[in-house]
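Comments concern the structure below.
Protein chains get the first letters and strands the later ones, always in sequence-line order, with residue 1 at the start of each. Heavy-atom basis, side chains included; hydrogens, waters and symmetry copies ignored. Values in this document were obtained by computation on a predicted structure and should not be read as measured data.
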Amino acid sequence: MSLDFRRTHHCGELTDVHIDQTVTLCGWIHTRRDHGGLIFVDLWDKHGITQVVLNPQIDKLAHQQAQSLRNNYVIGVRGAVRPRPEGMVNTKLRTGQIEVYIDDLIIFNKTKTPPFSPWEAQEVSEAIRLKHRYLDLRSDELQKNLHQRYAITRVVRNVLDRQGFIDVETPMLTKSTPEGARDYLVPSRLNPMCFYALPQSPQLFKQILMVAGMDRYFQIVKCFRDEDLRQDRQPEFTQIDLEMSFVDEGQIFELVEELISEIFRQVVGISLERPFPVLKYQEAIDRFGSDKPDTRFGLEIVDVADAVRGCDFKVFAQVLESGGQVRALNIKQSTETLSRKALDDLTEVAKTYGAKGMAWIKVQPNELQSPIIKFFKQEMLDNLLKKTGAEPGDTLVFIADTPKVVADALANIRLAVGRKFNLIDESKIGITWVTEFPLFEHDAAENRWAAMHHPFTAPRDQDLDKLDEAHAAHLRARAYDLVLNGNEIGGGSIRIHQMEVQEKMFQLLGIGPEEARQKFGFLLDALQFGAPPHGGIAFGLDRIAMLLSGAASIRDVIAFPKTQKATCLMTQAPSEADARQLKELRLKFDLS
RNA sequence: GGGGUCGUAGUUCAGUUGGUUAGAACGCUGGCCUGUCACGUCAGAGGUCGCGGGUUCGAGUCCCGUCGGCCCCGCCA
C-alpha cells in the first residue's frame, strides 16, 4: 500500500476539534450520493462513518475519479476536515459535525456487486449471509458481537491472571474416550488404522496438570462434539476452562462469582449481587421442572398428588398407583386470555416432552370449568384449590406421568406461559448455582448406570462408602452448574483424586479393569503419583457471549459458524478427500 | 432417527380456483442533478419459480421424491 495513504485517523473519530487538519482515511464505501456537481461518500470502517465530499472546485481530478466509485469499494482519501455548513450537521453520526474535503483519492479495490449489503436494513436469509460471511461480519451487529466476545475473554484473562492462574495449552490430537458425546476422529498417517480424537473438553489434561503441581490452570479452548446442532450448540465451541488445586466448592464458587461479576460489570455495566443464589438439584426439579431454571419469574410447580389421590379420573389414579406424579401450574388470571386454542398449544408442548396429555381447570367466579371436574369429590377440589392457591380467574394445568415426563413437560409449559404472558422481566438477571446433582443416572436403553456429569466427578464424602449398585440411584455428586436466565452457562465438579475411588467409579459404570486401564491408564497412573484434591469448572463462552449480546443464536457470536448439518457454507467443509490422501491414510470406504 | 417450517429476479417478498406475456420494492447499469446523508429524478437490464419425476389440454400453483436453510424431539458425560 502506498505510504501516501497511510491512515492518520479512523472513520469514527473526527469531530470539530480536528477542523482544518489534513487527514487520511481508509475504508469501504458505505453509501455514495452523487449530485452531479458534488459527490458525497460515507466512508466506513469498524469505528464508524465519516462523510467525505468531492467537489470539483476543491480538486477536479479527485471529483472525476469519484464518479467511478461504487458502494463497497475500498478506498483511501486525503483532505481537510471542515465544519459542516449551517443546518447540515448529521446528529445520527458521531462524526456528523464535520466532513472531509477530498483532494486526493485512491481506489485500493473495486468490488463485484455484493449479494447483499451488510448495512442495509433488509433482512437477508442466513444461508446467503453464511456463504458470504466476510460481508455479514461487516454489519454493526456482528461487529458488536465479536468485539463484545473479545471483551469477555479479555476480562477472563485479566481476572484469572490476577488470581494466579496460568494458561496452559492441551493437545487437540488426543485420545478417544468412552462415554460422553461422539468424538471427531482424525486418522494417523504414521499409525495406520489408528485415530486421534479431537477433545470434547480438556478434562483429563487439566486434572493431570493439577497432579503436575500447576495449582491454577485456565484455558480458552476449542472443544469438539459430533452431535446434532441446536440454536445454542455448535460442533466446535469454546470453553473457558479452569481447574484449581486444594479447593472445595466454596472456593471455586467465590472465584467464579468474581469472574462472572467482572464480566457483567466490565462488558455490559451490570453489577451482580453476590453471593449467587444456590438451588439444590432436587429443589430445582421440584419447583421448576428443570436443572436450568429461568428464575426471573415465578409460576412454580405444585405437587397435587395428595389432593387427587383416590379420584375417579383414571389417568391420575393410574399414574399415582404406578408410582408416578401429578403436578400442576397455577396460571394466574388467565381464564379470559387462555383460549381453547392456547390450551391446545400448551398440550402440544407437553406432548413434545413425552406427556400423553394435559388436564386443566378454569377457576371461574362461581364454578369450576373443566372436562375432568366430574371425577373429583368436592373435598378433593377444595384441597386442590387450596394447594395451588387458586383464585377466581386462575387456570390450573396438570401433568400426570413419570417424574421425568412431569418435570420436562411442566418446565416447558412454564416457559411457554412465561413468554406468552410476558412474565419474564428481561431487565432482570436470573443467575443461580444448581448443586447436589445425582452422581448417576440410569440408562434405560442399555440398562446401566451412567455418570450424570462425567466419570471423574467426586461423590459426596458421606457417599464414598456407598459406591455400589444398590445405592447408585441415591448418591449425589460434588457437581455444580451455573445457570443464567434458564441457560446452562457452566458446569464443573470437585474431582476424584484417589485411584481407589476412581476405580470403583469405573466399575459401577460398567468399565472393567482392563478397559479402564486401556482407556484411562494414564489418569489412573497420575492419580497414584501424588494427585492433590482439586476441582474446577468450564463455561460455554459462546453461550455467555450470546446471552450478553442478546443474540438470537450462538452462530451470531462465532465468526465462522456451521449450519445445522455441520457444514460451512463459506468453505464448503466438509468435503471429499482426494484419493492420494486416502491412500496415504490407508482409508477405504465401505459404501454398502 | 423423527416432527415442523421455508425455498419465485442479486436481495426481501407478492403471485387468486391450475389458465395464456411471473410482478413490486430495494439493489444493479446508464442519463440528469452543488448540500445530500435510506439524496432526488428519468430510462434500462435482470427469472433453470431449489432440483427430478408425475397428474393435466395447461403446473410457480396439485401429487411423489430429493437437495438445502432454520426451529424442535431424540442425542449433547
Query raised in the report: Where the side chain of A:T352 is defined as all heavy atoms beyond and including C-beta, which of B:C73, B:C76, B:U34 is the nearest nucleotide?
Result: B:C73
Query raised in the report: Taking a pair as Watson-Crick or G-U wobble with both distances under 3.5 Å, which nucleotide is matched to B:U56?
Result: none
Query - Span that lies between the P atom of B:G74 and that of B:G3, in whole angstrom - result: 15 Å
Requested in this report: Select base, sugar-phosphate, or nothing to describe what A:P85 touches, counting heavy atoms under 4.0 Å on all strands.
Outcome: base
Query raised in the report: Does B:C28 have OP1 or OP2 sitting under 4.0 Å from an N or O in the side chain of A:N71?
Result: yes
Report summary line: The nucleotide from B:C37, B:C39, B:A38 with an atom nearest the side chain of A:K92 is B:A38
**Report entry** B:U17 versus B:C33 - spacing of their P atoms, nearest Å
**Finding:** 50 Å
Requested in this report: Could you tell me whether the phosphate oxygens of B:G68, OP1 or OP2, come under 4.0 Å of any side-chain nitrogen or oxygen in A:K565?
Outcome: yes
**Report entry** Whole-Å distance separating the CG atom of A:L69 from the C1' atom of B:C28
**Finding:** 16 Å
Report task. Round to a whole Å and report the spacing from CZ of A:R233 to P of B:C70. Result -> 14 Å
Query raised in the report: Counting only side-chain N and O atoms of A:R33, is one of them less than 4.0 Å from OP1 or OP2 of B:C39?
Result: yes
Report summary line: To the nearest angstrom, the CZ-P distance between A:R543 and B:C76 comes to 14 Å
Requested in this report: Answer with base, sugar-phosphate or nothing: what part of the nucleic acid does A:E126 contact at a heavy-atom distance below 4.0 Å?
Outcome: sugar-phosphate
Query raised in the report: B:G10 phosphate, OP1 or OP2: any side-chain N/O from A:K112 under 4.0 angstrom?
Result: no
Query raised in the report: Reckon A:D42 touches a base, only the sugar-phosphate, or nothing at all at heavy-atom distances under 4.0 Å?
Result: sugar-phosphate
Requested in this report: Give one of base, sugar-phosphate or nothing for A:R32, where a contact means two heavy atoms less than 4.0 Å apart.
Outcome: nothing
Report task. Indicate whether A:H35 forms a stack on B:U36; treat it as stacked only if centroid distance is below 5.5 angstrom and interplanar angle below 30 degrees. Result -> no
Report task. Rounded to whole angstrom, note down the P distance from B:C13 over to B:G7. Result -> 8 Å
Query - Pair A:Q200, A:D183: side-chain N/O donor-acceptor within cut-off below 3.5 Å - result: yes
Report task. Using the P atom as the reference point in each nucleotide, state the distance between B:C39 and B:U20 in Å, no decimals. Result -> 38 Å
Report task. Answer yes or no: does a side-chain N or O of A:Q231 lie under 4.0 Å from OP1 or OP2 of B:C72? Result -> yes
**Report entry** Exam field: side chain A:D345 to backbone A:E348, donor-acceptor pair closer than 3.5 Å
**Finding:** no
Report task. Please measure how far the P atom in B:G60 lies from the corresponding atom in B:U8, and state the result in whole Å. Result -> 15 Å
**Report entry** Distance, C1' atom - from B:C49 to B:G2, rounded to whole angstrom
**Finding:** 30 Å
Query raised in the report: With a non-hydrogen cut-off below 4.0 angstrom, is A:F456 in contact with a base, only sugar-phosphate, or nothing?
Result: nothing
**Report entry** Among B:C26, B:U12, B:U34, the one nearest A:E120 by side-chain distance
**Finding:** B:C26
Query raised in the report: Expressed in whole Å, how much space separates the P atoms belonging to B:G18 and B:U41?
Result: 40 Å
Query - Short side-chain N/O contact to B:C71 OP1/OP2 from A:Q564, under 4.0 Å - result: yes
**Report entry** A:T170 side chain to A:Q219 side chain, donor-acceptor N/O pair below 3.5 angstrom
**Finding:** yes
Query raised in the report: Taking only N and O in the side chain of A:S553, is any of them less than 4.0 Å away from OP1 or OP2 of B:C70?
Result: no
Requested in this report: Answer with base, sugar-phosphate or nothing: what part of the nucleic acid does A:R70 contact at a heavy-atom distance below 4.0 Å?
Outcome: sugar-phosphate
Query raised in the report: Contact class for A:E123 vs. all strands (heavy atom < 4.0 Å): base, sugar-phosphate, or nothing?
Result: sugar-phosphate
Requested in this report: Please report, rounded to the nearest Å, how far the C1' atom of B:G10 is from the CD1 atom of A:I128.
Outcome: 9 Å
Query raised in the report: Whole-Å distance between B:C39 P and A:I39 CD1?
Result: 14 Å
Query - Spacing of the P atoms in B:G50 and B:U16 (rounded, Å) - result: 14 Å
Query raised in the report: Which nucleotide in the set B:C72, B:G1, B:U11 lies at the smallest distance from any side-chain heavy atom of A:Q122?
Result: B:U11
Query raised in the report: Can you check the A:K562 NZ to B:G68 C1' distance for me, whole Å?
Result: 17 Å
Query raised in the report: Would you say the side-chain atoms of A:Q203 and A:Q207 include a donor-acceptor pair closer than 3.5 Å?
Result: yes
Requested in this report: Could you tell me how the ring of A:W119 sits relative to the ring of A:W44: parallel (under 30°), tilted (30 to 60°) or perpendicular (over 60°)?
Outcome: tilted
Query raised in the report: Strictly by modelled atom types, are A:H442 and A:N447 linked by a side-chain donor-acceptor pair under 3.5 Å?
Result: yes
Query raised in the report: Given B:G27, is OP1 or OP2 found less than 4.0 Å from the side-chain N or O atoms of A:T113?
Result: no
Report task. For A:N90 and for A:A450, locate the closest nucleotide of RNA chain B by heavy-atom distance; then report the residue assigned to the nucleotide nearer the 5' terminus. Result -> A:N90
Requested in this report: Assign A:E99 to base, sugar-phosphate, or nothing according to its heavy-atom contacts below 4.0 angstrom with the strands shown.
Outcome: base
Requested in this report: Check the pair A:F522, A:K175 against side chain to side chain contact (heavy atoms under 4.5 Å, CB included), reporting the backbone distance first and the verdict last.
Outcome: CA-CA 11 Å; A:F522 62 102; A:K175 197 173 168 64; 4.2 Å; yes
Report task. For A:T457, report the nucleic acid contact type (base, sugar-phosphate, nothing); a contact means any heavy atom under 4.0 Å. Result -> nothing
Query - A:Q97-A:D16 side chain donor-acceptor pair, cut-off 3.5 Å - result: yes
Query raised in the report: So what does A:Y101 touch, heavy atoms closer than 4.0 Å: a base, only the sugar-phosphate, or nothing?
Result: base
Requested in this report: Pick base, sugar-phosphate or nothing for A:I49, based on heavy-atom distances below 4.0 Å to the nucleic acid.
Outcome: nothing
Query raised in the report: For A:A451, which contact category applies under a 4.0 Å heavy-atom criterion: base, sugar-phosphate, or nothing?
Result: sugar-phosphate
Query - Rounded interatomic separation in angstrom, taking CZ from A:R182 and P from B:G1 - result: 10 Å
Query raised in the report: Does the pair A:Y217 and A:F205 meet the rule for a ring-ring contact (aromatic ring centres under 6.0 Å, His included), with working shown?
Result: CA-CA 10 Å; A:Y217 140 96; A:F205 288 104; 10.0 Å; no
Report task. Using atom CZ of A:F40 as one end and atom C1' of B:G40 as the other, report the distance to the nearest whole Å. Result -> 13 Å
Query raised in the report: Counting side-chain heavy atoms from CB outward, which of B:C26, B:C72, B:U34 is closest to A:N55?
Result: B:U34
**Report entry** Under 3.5 Å on both distances, the Watson-Crick or G-U partner of B:A9
**Finding:** none
Requested in this report: If the plane angle is over 60° it's perpendicular, under 30° parallel, otherwise tilted; pick one for A:H454 and A:F456.
Outcome: tilted
**Report entry** Distance below 4.0 Å between A:T567 side-chain N/O and B:G69 OP1 or OP2
**Finding:** yes
Query raised in the report: Which nucleotide in the list B:U12, B:U34, B:C76 gets nearest to the side chain of A:R225?
Result: B:C76
Query raised in the report: Does B:G44 have a Watson-Crick or wobble partner in any strand here, with both distances under 3.5 angstrom, and which is it?
Result: B:C28
